[in-house]
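Here the structure comes first, spelled out in structure tokens, and everything after it is commentary.
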Amino acid sequence: MTKNGQQSITALPYRAGVGVPPGVEVIDFRDLTARASGHGVDPYGRQRPEFHKLIAVRSGTLRCSLDFTEHELDPGSWLWARPGQVHRYDSDLAAADGRIIVFLPNFLDRTTAEIAGVDRVHRQPTAGSDTLWPVLDLLEDAYAQWGQQPSELQVELLRHLLAVLVLRLAAEHGIEQEPIEGDAFPRFQAAVEEGFARSHRVVDYAAQLGYSVRTLTRASQAAVGVGAKRFIDDRILLEAKRLLIHTDLTAASIGVRVGFARATAFTKFFRQHTGRTPSEFRAP
């Protein structure tokens with residue numbers, strides 16, 4: 001239900017289609033509308049998918065939003081929506097030609113995911129070179145032939161073709177610098193994602209993960225360009241903004257959801273980081 005002109009967010013779990021590979025799908029823009037409707041989902045509503053969506057536009061123009069940024073995707077553009085991000089299509093999907101590659105977070109092997117920065121936010125959107133489209137064509141062709149050969153062979157073929165695609169995107173457009181101290185940042189990032197509503201202190205994550213505060217700060221700075229405390233604050237702020245824009249919860253209730261016991265503490269935090277109170281941010 002919506003009030004005051006706000007739109008609710010639809011949590012979007014992965015629902016595999018009938019007779020398709022497990023964990024990855026290639027969907028035509030025009031087919032997406034019918035598929036969403038079949039699952040009782042508004043294709044043009046705000047969605048928070050639990051899977052990756054790689055959106056590639058071949059012709060026409062597609063407008064969409066990702067969290068709080070509006071994007072206009074021209075021919076040759078790619079947009080990567082990651083699990084947990086709020087995404088919406090703002091123009092007619094039938095007015096553009098393209099593909100959406102949907103895949104689960106664990107579909108790619110760990111080495112590929114780490115090298116390509118699958119779990120990190122890339123610059124958005126990107127313009128793909130001509131080398132990307134033949135790979136997408138091969139991926140789509142392998143997807144269309146599902147069921148014609150042993151499933152184990154076809155799953156690995158799809159996995160490898162998707163790996164080539166994301167690695168090419170990373171090679172062409174760059175990914176953030178690899179974190180120092182081994183896997184410190186990926187572990188820290190996962191811990192913050194799971195626990196930011198409970199703890200806002202770097203020292204708590206350091207104790208949980210077995211690192212020093214200094215190590216987490218250096219790893220975060222190397223990976224995403226901000227220190228560990230700023231990384232935590234940014235994640236809290238993103239969630240607060242999502243709830244303010246997309247729900248009718250009171251500011252006090254939202255503060256509790258992101259880990260503030262008192263409304264005044266949440267308001268102070270929000271104003272320090274945005275220059276506005278939660279009510280001012282929410283106002284049209």
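Atom set for the values below is all heavy atoms of this structure, side chains included, hydrogens, waters and symmetry mates excluded.
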Answer yes or no: is there a side-chain heavy-atom contact under 4.5 Å between T33 and Y89? no

Given L136 and I101, is the side chain to side chain contact (heavy atoms under 4.5 Å, CB included) satisfied, shown in steps? CA-CA 9 Å; L136 176 54; I101 302 101; 3.7 Å; yes

Apply ring pair (Phe, Tyr, Trp, His ring centres under 6.0 Å) to F29 and list each qualifying residue two or more places apart in sequence or on a separate chain. none

Please assess D74 against S77 for the test side-chain hydrogen bond (donor to acceptor under 3.5 Å, both in side chains), listing each intermediate value before the final yes or no. CA-CA 6 Å; D74 297 319; S77 295; 5.3 Å; no

Compute whether any side-chain donor of one residue and acceptor of the other, for R168 and T131, lie under 3.5 angstrom apart. yes

Presence of salt bridge, R88 and D90, under 4.0 angstrom: yes

Give a yes or no on whether a salt bridge exists between D97 and R30, defined as a side-chain N under 4.0 angstrom from a carboxylate O. yes

Show me the donor-acceptor pairs, under 3.5 Å and distance only, between side chains in residues 58-65 and residues at least two apart or in other chains.
unit_1, atom_1, unit_2, atom_2, d
R58, NH2, D137, OD1, 2.5

Got K229 and R201 here, is their nearest side-chain heavy-atom distance under 4.5 Å? no

List the steps and the verdict of side chain to side chain contact (heavy atoms under 4.5 Å, CB included) for I27 and E140. CA-CA 9 Å; I27 306 169; E140 185 174 14; over 6 Å; no

Taking the side chain as everything from C-beta on, heavy atoms only, tell me whether T217 gets closer than 4.5 Å to V213. yes

Can you confirm whether L54 sits close enough to V166 that some side-chain heavy atom of one is under 4.5 Å from a side-chain heavy atom of the other? yes

Check the pair V102, I100 against side chain to side chain contact (heavy atoms under 4.5 Å, CB included), reporting the backbone distance first and the verdict last. CA-CA 6 Å; V102 168; I100 301 167; 4.0 Å; yes

For residues 91-119, which residue pairs qualify under ring pair (Phe, Tyr, Trp, His ring centres under 6.0 Å), counting only residues two or more places apart or in two chains? H52-F103

Contact check, side chains of I254 and R282, non-hydrogen atoms, under 4.5 Å: yes

Evaluate E239 against R257 for salt bridge (charged side-chain N to carboxylate O under 4.0 Å, His left out), listing each step before the verdict. CA-CA 9 Å; E239 194 68 18; R257 286 203 178 194; over 6 Å; no

Is there any side-chain hydrogen bond (donor to acceptor under 3.5 Å, both in side chains) pair reaching into residues 152-161, and which pairs are they, with sequence neighbours excluded? E156-R159

Is Q85 close to R242 at the side-chain level, that is, under 4.5 Å between some pair of heavy atoms? yes

Mind listing the side-chain donor-acceptor pairs of residues 260-271 below 3.5 Å, one per line with the distance, residues two or more places apart or on another chain?
unit_1, atom_1, unit_2, atom_2, d
T267, OG1, A263, O, 3.1

Report yes if some heavy atom in the side chain of T10 is under 4.5 Å from a heavy atom in the side chain of R48; otherwise report no. no

I'd like to know whether F185 forms a ring pair (Phe, Tyr, Trp, His ring centres under 6.0 Å) with F231, so could you lay out the CA-CA distance, the side-chain angles of the two residues, the decisive distance to 0.1 Å, and finally the verdict. CA-CA 11 Å; F185 180 74; F231 181 80; 5.3 Å; yes

Look up atom OG in S151 and atom CH2 in W146, then write down how far apart they are to the nearest 0.5 Å. 5.0 Å

So, E193 and R235, do they make that salt bridge, N to O below 4.0 Å? yes

K241 side chain reached by F281 side chain, heavy atoms, under 4.5 Å: yes

Backbone N or O of F188 within a donor-acceptor pair of the Y211 side chain at under 3.5 Å? no

More than 12 heavy atoms from other groups under 6.0 Å of CZ on R230: no

Going by salt bridge (Lys or Arg N to Asp or Glu O under 4.0 Å), name the pairs with one or both residues in residues 16-27, residues two or more places apart or in two chains. E25-R35

Can you classify the ring geometry of W133 versus W78 as parallel (below 30°), tilted (30 to 60°) or perpendicular (above 60°)? tilted

Could you check whether any side-chain N or O of D109 sits under 3.5 Å from a backbone N or O of T112, counting only pairs where one atom can act as donor and the other as acceptor? yes

L66 vs W80, test: side chain to side chain contact (heavy atoms under 4.5 Å, CB included). Steps then yes/no. CA-CA 9 Å; L66 192 59; W80 193 331; over 6 Å; no

Would you say the side-chain atoms of D67 pair up with the backbone N or O of V86, donor to acceptor, closer than 3.5 Å? yes

Looking only at side-chain N and O atoms, does Q145 offer a donor or acceptor that is under 3.5 Å from a partner on D141? yes

Kindly work out whether a path of hydrophobic side-chain contacts (I/L/V/M/F/W/Y, heavy atoms less than 4.5 Å apart) joins V256 to L244. no

Working to the nearest 0.5 Å, report the span between CD1 of I232 and CG of L237. 13.5 Å

Between T247 and L243 (side chain of the first, backbone of the second, donor and acceptor by atom type, cut-off under 3.5 Å), is there such a pair? yes

